[in-house]
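In what follows, chains are A, B, ... by sequence order, proteins preceding strands, each numbered from 1.
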Amino acid sequence: MLQVNIIREDPDKVIERLSVKNFDAKEIIGQIIELDTGRRATQTELDQLLSHQNTIAKQVGELFKSGKQAEANDLKNKSIALKDEVKKLHDLLHKYEHDLHQQMVLLPNCPSEKVPSGKSAADNEVIYSIDKLPELSSEAQPHWELASKYDIIDFELGVKISGAGFPVYKGKGARLQRALISWFLDRAGESGYTEVQPPILINEASGFGTGQLPDKEGQMYLVGLDNLYLIPTAEVPITNIFRDEIIDAATLPLKLTGYTPCFRREAGSYGKDVRGLNRLHQFDKVEIVQISHPDRSYDILEEMKDYVVSLLKDLNLPFRVLKLCGGDMSFASALTYDMEVWSAAQEKWLEVSSVSNFETFQSNRLKLRYREHNEKPKLAHTLNGSALALPRIVAAILENNQTSSGIQIPEVLVPYTQFEKID
RNA sequence: GGUGAGGUGCCUGAGUGGUCGAAAGGAGCAGUUUGCUAAACUGUCGUACUGGGAAACCGGUACCGAGGGUUCGAAUCCCUCCCUCACCGCCA
């Protein structure tokens with residue numbers, strides 16, 4: 001959520017920024033300013049009235065104490081006469097606040113100045129890509145065929161147990177999952193991230209804090225009986241650790257990592273894009289999160305991007321890095337890098353990581369602040385990224401590392417898998 | 001699921017309907033002092049909205065889980081909801 005005072009100070013700037021996300025904010029900003037003006041006027045008026053009432057109440061008390069009943073009663077009646085007006089203003093103020101909030105929640109985050117303009121994924125800026133795409137032999141197979149050939153992932157079995165999009169990993173497939181998770185966590189730990197294991201069911205307040213609610217409840221599974229949501233990403237529980245906190249600036253940045261399964265309803269998706277591991281309802285992911293001082297957040301974003309890149313390099317996978325254009329960015333992000341690996345058999349890029357700076361968009365919802373010396377608390381910046389999402393990494397490993405004698409496991413993973421080849 | 005207790009500031013923890021934004025202690029910050037580590041003493045120390053001011057700052061209002069109500073006046077009384085804890089039952 002944007003801060004109202006920023007809109008108040010320079011509405012045209014906000015409109016201009018949001019246009020980069022192809023969001024026409026002109027009308028809604030107009031309404032917001034109107035509501036904000038009304039809210040403040042009402043508050044001032046109400047405060048004066050309450051102040052008056054408070055004064056009377058004090059006087060009444062003193063008059064009673066000194067036994068001046070008649071005068072006390074006169075004053076009492078005066079206060080009673082103000083009650084209706086107070087109630088009216090009180091209700092009006094609430095209405096302003098409520099309406100203002102309704103509008104504020106609809107506004108996406110302003111993209112940073114560095115964001116290229118553009119309408120769709122086609123306009124994203126490729127800031128790095130491998131020199132040449134690997135070429136596979138003509139017998140090369142897509143990962144879903146390899147998965148069944150070596151009996152390491154069973155999609156049909158998952159359908160039986162749960163439904164489409166819930167694969168069962170078996171044998172060396174399961175072992176590879178566990179190896180990747182362990183290796184990702186170990187690497188994050190070496191880079192200064194503290195490992196956490198958060199809940200994977202979250203309440204409404206947490207969903208609101210990171211921006212999933214109220215807008216995107218359709219993308220999350222709801223455990224209705226208890227009104228809890230299954231997390232779509234570890235970003236939600238991990239960032240919410242700091243909801244309603246005031247953090248000592250000296251301890252920033254805070255760096256956390258965690259592995260969780262992630263659940264996405266992905267309603268309406270179908271076709272070859274969801275074939276195999278491309279898109280699942282349940283998948284594993286290791287997430288990295290940082291809480292940063294505003295002055296440092298863009299340096300940190302670069303650092304996080306470079307960290308993810310280093311993982312992909314170590315895995316020896318063909319990848320590229322995109323800076324997302326305004327039209328392809330998420331609601332809450334101010335700047336996002338996407339990392340994509342090349343799916344050799346499908347001949348397309350698969351997103352395996354998205355690293356974003358949310359600036360104060362989430363922290364304003366979370367009331368996540370930091371304090372410098374003895375100054376007033378200010379909103380911190382939040383950042384997160386996948387490091388990494390497993391299924392598409394597995395798909396890329398299977399496809400790119402296939403040989404006539406089996407799937408070659410990347411060297412860095414061998415200590416974790418305890419085998420070098422899937423055959 | 002049953003029963004009971006409780007939700008107060010960064011933390012612990014007092015609080016009789018008016019003088020409580022809230023005792024006390026701790027932490028934090030600033031200072032004084034002892035030759036260092038440390039201790040002692042003094043002071044300071046909530047958040048949000050809002051009016052004024054260039055600013056330091058000054059004023060108003062709200063907030064003692066959330067929302068209503070009673071009252072001239074509510075942390076304190078009443079109602080509803082949410083949450084936490086303890087014990088029992090069940091269970092990994």
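Rounded to whole Å, the P atom of B/U76 lies 13 Å from the corresponding atom of B/G67. Straight-line distance between the P atoms of B/G17 and B/C78: roughly 11 Å, to the nearest whole Å.
Scored by the side chain to side chain contact (heavy atoms under 4.5 Å, CB included) test, A/E303 finds A/Y193, A/K255, A/Q290, A/I300 as partners (sequence neighbours excluded). Residues meeting the side chain to side chain donor-acceptor pair (under 3.5 Å) test with A/Y221, sequence neighbours left out: A/H281. In terms of the salt bridge (Lys or Arg N to Asp or Glu O under 4.0 Å) criterion, A/K78 has no residue partners (sequence neighbours excluded).
Contacts classified as salt bridge (charged side-chain N to carboxylate O under 4.0 Å, His left out) and involving residues 16-30 of chain A (residues at least two apart or in different chains) are given here: A/R17-A/E113. Legend: side chain to side chain donor-acceptor pair (under 3.5 Å) pairs involving residues 168-184 of chain A, not counting sequence neighbours, sorted by first then second residue: A/D151-A/K170, A/D154-A/K170, A/Q177-A/D284. Sorted by first and then second residue, the salt bridge (charged side-chain N to carboxylate O under 4.0 Å, His left out) pairs involving residues 29-45 of chain A (not counting sequence neighbours) are A/R8-A/D36, A/D36-A/R39, A/D36-A/R40. Sorted by first and then second residue, the side chain to side chain donor-acceptor pair (under 3.5 Å) pairs involving residues 380-397 of chain A (not counting sequence neighbours) are A/E235-A/N384, A/S297-A/H381, A/Q362-A/T382.
Across B/U47, B/A62, B/G68, the shortest atom-to-atom separation from the side chain of A/L50 is found for B/A62.
Comparing A/D47 and A/K76 by the nucleotide of RNA chain B whose heavy atom lies nearest to each, the residue mapping closer to the 5' end is A/D47.
Contact check of residues 53-61 of chain A against RNA chain B (heavy atom, cut-off under 4.0 Å) returns A/N54, A/A57, A/V60, A/G61.
Across all strands, A/K87 comes closer than 4.0 Å only to sugar-phosphate atoms, never to a base (heavy-atom distances).
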**Message:** As a check on the pairing definition, encode RNA chain B in dot-bracket form, counting Watson-Crick and G-U wobble pairs whose two distances are under 3.5 Å, and using | for partners outside this strand.
**Reply:** ((((((((.[[[..)..(.....]]].(((((.(...).))))).(((((((....))))))).[[[[[..)....]]]]])))))))....
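Between A/R371 and the phosphate of B/G28, there is no side-chain N or O to OP1/OP2 separation shorter than 4.0 Å.
No side-chain heavy atom of A/V168 sits less than 4.5 Å from a side-chain heavy atom of A/I153.
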